[in-house]
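Worksheet for the structure shown next.
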Amino acid sequence: MGRLAIAAIAVVAGLGLSGCAHEPGGMSGGWVTLLDGTSMNGWYPVGTANWRVEDGAVVADKLTGKATGFLVSDKSYRDFELHAEFWVSHDANSGIYMRCGNPMVFTDKICYEANIFDERKDPSFGTGALVHYGKVSPMPKAGGKWNTYDITVRGTHIVLVLNGIKTVEVENSVLKDGQLALQYAQGVVKFRNVRIREL
């Protein structure tokens, strides 16, 4: 092989590596950004939380009525990997809801909930847990800092990874598919860099 051909291959390889290096969070093909911190396009609010975009994140810090607030994805998902960054105050009650089958009603019994709730009375289903289905022990604390949730839902297999540490791995066949929803119940809650890759 001539020197020119070798040089061309090296350039192409270098471009390929460069493209991979610029993928957010080391992620590659198939990832779609759902919330980039500049808008709430592709989502709609349910309940009474004061969701808004602020300082590169989607934020809620109060309820204007009695109903818990949710920010709901327009699209439904079945099998996926989800990456989300979140910041919560120590007293926050939040969570990432998945496979929600009713577009206007959201509970931890008709959706899967990756919980964010450091002050939950039963810590086994607090931050890092899959409420009702996957306990966490000891419960990690998320308050006062930026955190990451990496969630895989494939068929009946569900894995939660909080800040790089696996907190839950369960098999559950109760819920089949549905929308995503970000919960606001109390405290200060911020989400950014929410991305999904369908499987």
Side-chain angles (χ1 to χ4, degrees), residues 31-54 57-89 91-117 119-122 125-134 142 149-158 160 168 170 172-199:
W31 287 91
V32 175
T33 298
L34 300 180
L35 281 175
D36 63 3
T38 65
S39 78
M40 294 187 289
N41 293 340
W43 299 75
Y44 62 91
V46 172
T48 64
N50 65 334
W51 293 107
R52 62 198 186 276
V53 174
E54 188 174 280
V58 174
V59 181
D61 57 12
K62 70 177 180 180
L63 296 173
T64 58
K66 293 183 178 180
T68 296
F70 295 91
L71 194 62
V72 185
S73 67
D74 289 341
K75 186 176 176 180
S76 292
Y77 300 93
R78 180 178 178 86
D79 295 337
F80 56 86
E81 293 177 317
L82 180 74
H83 172 84
E85 296 177 13
F86 67 92
W87 188 100
V88 289
S89 57
D91 62 339
N93 180 356
S94 182
I96 299 174
Y97 284 50
M98 301 161 286
R99 288 187 175 176
C100 301
N102 186 324
M104 295 303 294
V105 178
F106 302 90
T107 73
D108 57 20
K109 293 185 178 177
I110 62 173
C111 309
Y112 290 125
E113 181 189 3
N115 209 3
I116 304 168
F117 193 0
E119 296 185 356
R120 194 176 195 272
K121 289 182 180 179
D122 176 5
F125 285 115
T127 299
L130 188 70
V131 179
H132 302 304
Y133 304 110
Y149 246 139
D150 290 287
I151 300 168
T152 303
V153 180
R154 187 195 295 265
T156 62
H157 194 64
I158 303 170
L160 307 185
V168 167
V170 298
N172 189 277
S173 60
V174 173
L175 305 172
K176 304 302 182 186
D177 60 22
Q179 289 160 280
L180 303 172
L182 307 177
Q183 181 197 35
Y184 176 83
Q186 69 182 40
V188 179
V189 175
K190 305 177 184 182
F191 286 95
R192 69 184 186 190
N193 296 331
V194 179
R195 305 182 184 95
I196 197 165
R197 176 164 64 182
E198 294 189 72
L199 301 174

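All values reported here derive from a predicted model rather than from experimental measurement. We use all heavy atoms of the structure for the numbers below, so side chains are in, but hydrogens, waters and symmetry mates are not.
- Inter-residue side-chain proximity for Thr127 and Arg120 is flagged as unmet; no heavy-atom pair is nearer than 4.5 Å.
- Residues Ile110 and Val105 share a closest heavy-atom pair of CD1-O, 3.5 Å.
- Applying the side-chain hydrogen bond (donor to acceptor under 3.5 Å, both in side chains) test to Asp61 and every residue at least two apart in sequence or in another chain returns Asn50, Arg52.
- Between Val168 and Leu130, the shortest heavy-atom distance links the atoms CG2-N, 3.8 Å.
- From His157, atom NE2 reaches atom CG of Asn172 across 12.0 Å, with rounding to the nearest 0.5 Å.
- Residues Thr33 and His83 form no side-chain contact, since every pair of their non-hydrogen atoms from C-beta on lies 4.5 Å or further apart.
- Residues satisfying the ring pair (Phe, Tyr, Trp, His ring centres under 6.0 Å) criterion with Tyr112, sequence neighbours excluded, are Tyr133.
- Here the side chains of Lys75 and Gln179 are not in contact, with every heavy-atom distance at 4.5 Å or above.
- Looking at residues two or more places apart in sequence or on another chain, you find a side-chain contact (heavy atoms from CB on, under 4.5 Å) between Ala84 and Ile96, Val194.
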Mind running side chain to side chain contact (heavy atoms under 4.5 Å, CB included) on Ile116 and Tyr149 for me, showing each step along the way? CA-CA 10 Å; Ile116 304 168; Tyr149 246 139; 3.7 Å; yes

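- Remark: Ala92 pairs with Val88, Ser89, Val189 by the side-chain contact (heavy atoms from CB on, under 4.5 Å) rule, at least two apart or across chains.
- A donor-acceptor contact shorter than 3.5 Å is absent between the side chain of Lys109 and the backbone of Phe106.
- Shown here are the side-chain contact (heavy atoms from CB on, under 4.5 Å) partners of Thr64, two or more places apart in sequence or in another chain: Thr48.
- Here the side chains of Met40 and Val53 are in contact, with some heavy-atom distance below 4.5 Å.
- Between Val72 and Tyr97, every side-chain heavy-atom pair lies at or beyond the 4.5 Å cut-off.
- Closest of all the heavy-atom pairs between Tyr184 and Gly187 is OH-O, 2.6 Å.
- Looking at Tyr77 and Glu198, their side chains come closer than 4.5 Å, going by heavy atoms from C-beta outward.
- Qualifying side-chain contact (heavy atoms from CB on, under 4.5 Å) partners for Ala129, counting only residues two or more places apart in sequence or in other chains: Phe125, Val136.
- Taking CD of Gln186 as the start and OG of Ser94 as the end, the distance is 10.5 Å to the nearest 0.5 Å.
- Residues Arg195 and Leu82 come closest through the heavy atom pair O-CD1, 3.3 Å.
- The CG atom of Leu182 lies 6.0 Å from the CG atom of Leu35; values are rounded to the nearest 0.5 Å.
- Here the straight-line distance linking atom CD of Gln183 with atom OG1 of Thr68 works out to 6.0 Å at 0.5 Å rounding.
- In terms of heavy-atom proximity, Gly95 sits nearest to Glu113 at CA-OE2, 3.8 Å.
- For the pair Ala181 and Phe70, the tightest heavy-atom approach, listed with the atom from each and the gap, is CB-CD2, 4.1 Å.
- Rounding to the nearest 0.5 Å gives a distance of 11.0 Å between CG of Leu175 and CZ of Arg78.
- Contact check for Leu71 versus Phe191: no side-chain heavy atoms found under the 4.5 Å cut-off.
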Would you please test Leu199 and Glu81 for side chain to side chain contact (heavy atoms under 4.5 Å, CB included) and show each step? CA-CA 7 Å; Leu199 301 174; Glu81 293 177 317; 4.0 Å; yes

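- Between the CG atom of Asp177 and the CG atom of Asp79 there is a distance of 9.0 Å, given to the nearest 0.5 Å.
- Looking at Ser73, its side chain never comes within 3.5 Å of a backbone N or O of Trp43 through a donor-acceptor pair.
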